[in-house]
There are 2 protein chains.
Amino acid sequence: MDVVNIFLTSELGESLEDFVHDQRRFTFDRLGPEGPRRLVEGPMWAFVDWVMPELAGLEMCRRLRADARTADAHVTMVLEEDDPEDRRRALRAGADDYVIGPLTRTAVLDRVLALQSRGVERQATRRFELGALTIDMAALQARWNEQPIVLRPNEFRLLRFLAENPNRVLTREDLIAGLGKREPPIDERTVDVWIGRLRRAIKAAGGGNPLRTVRSLGYVFDLS
Amino acid sequence: MDVVNIFLTSELGESLEDFVHDQRRFTFDRLGPEGPRRLVEGPMWAFVDWVMPELAGLEMCRRLRADARTADAHVTMVLEEDDPEDRRRALRAGADDYVIGPLTRTAVLDRVLALQSRGVERQATRRFELGALTIDMAALQARWNEQPIVLRPNEFRLLRFLAENPNRVLTREDLIAGLGKREPPIDERTVDVWIGRLRRAIKAAGGGNPLRTVRSLGYVFDLS
DNA sequence: CAAGGGTGTGACGCGTTTGTGACTGCTTTT
DNA sequence: AAAAGCAGTCACAAACGCGTCACACCCTTG
């Protein structure tokens, strides 16, 4: 039986340790700005508070996703109130879902127990396939017909965003926003360079060119 | 409050209702040949099985698109196996994406959560059909009987504007204004060239000539 | 502190798009 | 029948948009 590793940014962890009887099935760890204190194996679940003493919850979220050790953790964002805009931001930052706070012990355990039933299946669905292209969120790797595509972090994010919106023209503005680049404002022409680098990487892996340029508008991930 | 309305053609719906904790965030409905059983508001998501008892999945797909109530739903086609030809057919019929079956509960929820959050806003009038002509505003692509029409940016804008005002004579002035050309003032005779190029492009895709000239007045998109 | 890879930006060059004038042929008017 | 009006088409030059490169500035690593 896998041990579920639960990370929390709040102090709820200690209280939970007392609460849970079967210690073998869960570990709890405090989640600070620099990530988890110890490395773990098995499924991970992070509860990230919207407001944190040292770091914004959104930023925490992004760091978890960027860090290879925690990239495939299930991230639940804890919102204080039910603001649709905040929910969108949370999910954009990489959160898998959210709860409207305050976080209670039972809310945590309900979700975690549900995770266990989803458990193994979940990792399989964290990868998706579009034609010859496979994107593995957990491993942060993309393949073209089993052939790995060597991508830099930004290129991976770009490919992912494009692939999540197939057959839809994305403007340069969409793409910049989709990759969460706000500060400082990014020059739209920079997107062209991103696309160029991504295309070259796919080509280097023997792939075709699923990225179609739509003149004067943007780019599309062509699925067909 | 954004509620995501999920339609399924399979029996998975009931099983999902038990599975989801937060009922306020999702509704589930069985999708029969005559469409959804009840009208809903908010984002819609349909999962359409390739094979269905009473109706082919492709036909279901087209009906969803043709029905104004469900025209802007996100349609995911569930394929049994990974056949490139089927994938293409699905997308042509109006599907936004597809999964290779069988459909699991986690596959549904993962996709909905991921795409709902990370996707780009859908515009309401994404796709419209006039006779043999299909205009896909999301992919910015036009087809004549499934055959893609290769259009330059200005030609696409022109076709779109004409198709938005079918059976109505548009003067050259209307067309120039409709395409948003102000500076510098465009010579009216230029419109003739636009029309000529558009006609040639449609013809090259094996299409007819839906653009009728009205002497001394302008042009009409003939719907018939 | 040095080394190295990742990333944003300005600049350059090339191919494509597009508005226009001219020519042609058809239609309407005188 | 001649003249005038109108639309279809072609060729061309200018403008535009995109791909690419080199470089500078990070930020991380040793």
Side-chain angles (χ1 to χ4, degrees), chain A residues 33-35 59 62-63 65-69 140 142 149-162 169-204 209-220 222, chain B residues 140 149-162 169-204 209-220 222:
Chain A
E34 62 298 315
E59 180 55 28
R62 284 193 203 95
R63 291 200 189 180
R65 282 275 170 265
D67 188 335
R69 299 170 304 166
L140 290 177
I149 305 175
V150 185
L151 293 175
R152 287 175 279 223
N154 201 50
E155 289 155 22
F156 185 83
R157 262 176 275 154
L158 178 63
L159 177 59
R160 170 192 174 170
F161 188 72
L162 283 159
V169 177
L170 299 171
T171 64
R172 296 177 172 76
E173 197 185 342
D174 289 338
L175 293 169
I176 290 170
L179 302 208
K181 312 243 182 189
R182 287 260 147 174
E183 306 291 338
I186 296 286
D187 189 314
E188 296 211 341
R189 289 290 270 105
T190 300
V191 175
D192 297 7
V193 183
W194 294 350
I195 295 283
R197 288 172 180 158
L198 178 52
R199 280 184 177 142
R200 201 192 313 166
I202 296 176
K203 196 173 198 175
N209 181 16
L211 276 37
R212 179 165 53 95
T213 305
V214 181
R215 190 171 228 265
S216 81
L217 285 171
Y219 298 91
V220 206
D222 256 337
Chain B
L140 292 177
I149 306 175
V150 184
L151 293 175
R152 287 177 278 229
N154 204 49
E155 288 155 23
F156 187 86
R157 264 176 272 152
L158 178 63
L159 177 59
R160 175 199 175 165
F161 188 71
L162 283 159
V169 179
L170 298 170
T171 65
R172 296 177 172 74
E173 195 182 337
D174 291 337
L175 293 169
I176 291 170
L179 302 208
K181 310 250 183 187
R182 291 253 147 182
E183 306 290 337
I186 297 287
D187 189 315
E188 295 211 343
R189 283 307 312 284
T190 301
V191 175
D192 298 9
V193 184
W194 293 350
I195 294 283
R197 287 172 180 157
L198 179 51
R199 280 181 178 144
R200 199 192 313 167
I202 297 176
K203 196 172 199 172
N209 181 17
L211 275 38
R212 185 162 50 91
T213 306
V214 181
R215 196 183 163 89
S216 81
L217 282 175
Y219 298 90
V220 205
D222 257 337

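Each chain gets a letter, A, B and so on, in the order its sequence line appears, and its residues count up from 1. Hydrogens, waters and symmetry mates are skipped; everything else that's a heavy atom, side chains included, is used.
The closest side-chain heavy-atom distance from A:Ile195 to A:Leu162 is below 4.5 Å. B:Asn209 has its side chain out of reach of B:Lys203: every pair of non-hydrogen atoms, C-beta onward, lies at least 4.5 Å apart. Taking the side chain as every heavy atom from C-beta outward, B:Leu151 and B:Leu198 approach each other to under 4.5 Å.
At whole-Å resolution of the value, CG in A:Leu179 and P in C:dG6 are 17 Å apart. Rounded to whole Å, the distance from CG on A:Leu198 to P on C:dG8 is 14 Å. When the C1' atom of C:dG19 is taken as reference, atom CG of B:Leu158 falls 14 Å away, rounded to whole Å. For the pair B:Leu151 CG and C:dT18 P, the interatomic distance rounds to 10 Å; values are reported in whole Å. Between B:Asp192 atom CG and C:dT18 atom P the separation is 17 Å, expressed in whole Å.
Heavy atoms of B:Val191 sit nowhere under 4.0 angstrom from any nucleic acid atom.
Close approach of DNA chain D to chain B, defined as any atom under 4.0 Å from a non-hydrogen atom of the protein, starts and stops at D:dG5 to D:dA11.
Partners of B:Arg152 under the side chain to side chain contact (heavy atoms under 4.5 Å, CB included) rule, at least two apart in sequence or in another chain, are B:Glu155, B:Arg197. Every salt bridge (Lys or Arg N to Asp or Glu O under 4.0 Å) that A:Arg212 has, sequence neighbours left out, goes to A:Asp222. With sequence neighbours excluded, the residues satisfying salt bridge (Lys or Arg N to Asp or Glu O under 4.0 Å) with A:Arg172 are A:Asp192. Not counting sequence neighbours, the partners of B:Asn154 by the side chain to side chain contact (heavy atoms under 4.5 Å, CB included) test are B:Arg157, B:Leu179, B:Lys181, B:Trp194.
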Which atom pairs link the protein and nucleotides 9-16 of chain C when you take only N or O atoms and keep those under 3.5 Å?
residue, atom, partner, partner atom, Å
C:dT9, OP2, A:Asp187, N, 3.0
C:dT9, OP2, A:Thr190, OG1, 2.9
C:dG15, N2, A:Arg215, NH2, 3.0

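Phosphate contact (OP1/OP2 of C:dT18, side-chain N/O of B:Lys181, threshold under 4.0 Å): absent.
Here the CG-CG distance, from A:Leu217 to A:Leu170, works out to 11.0 Å after rounding to the nearest 0.5 Å.
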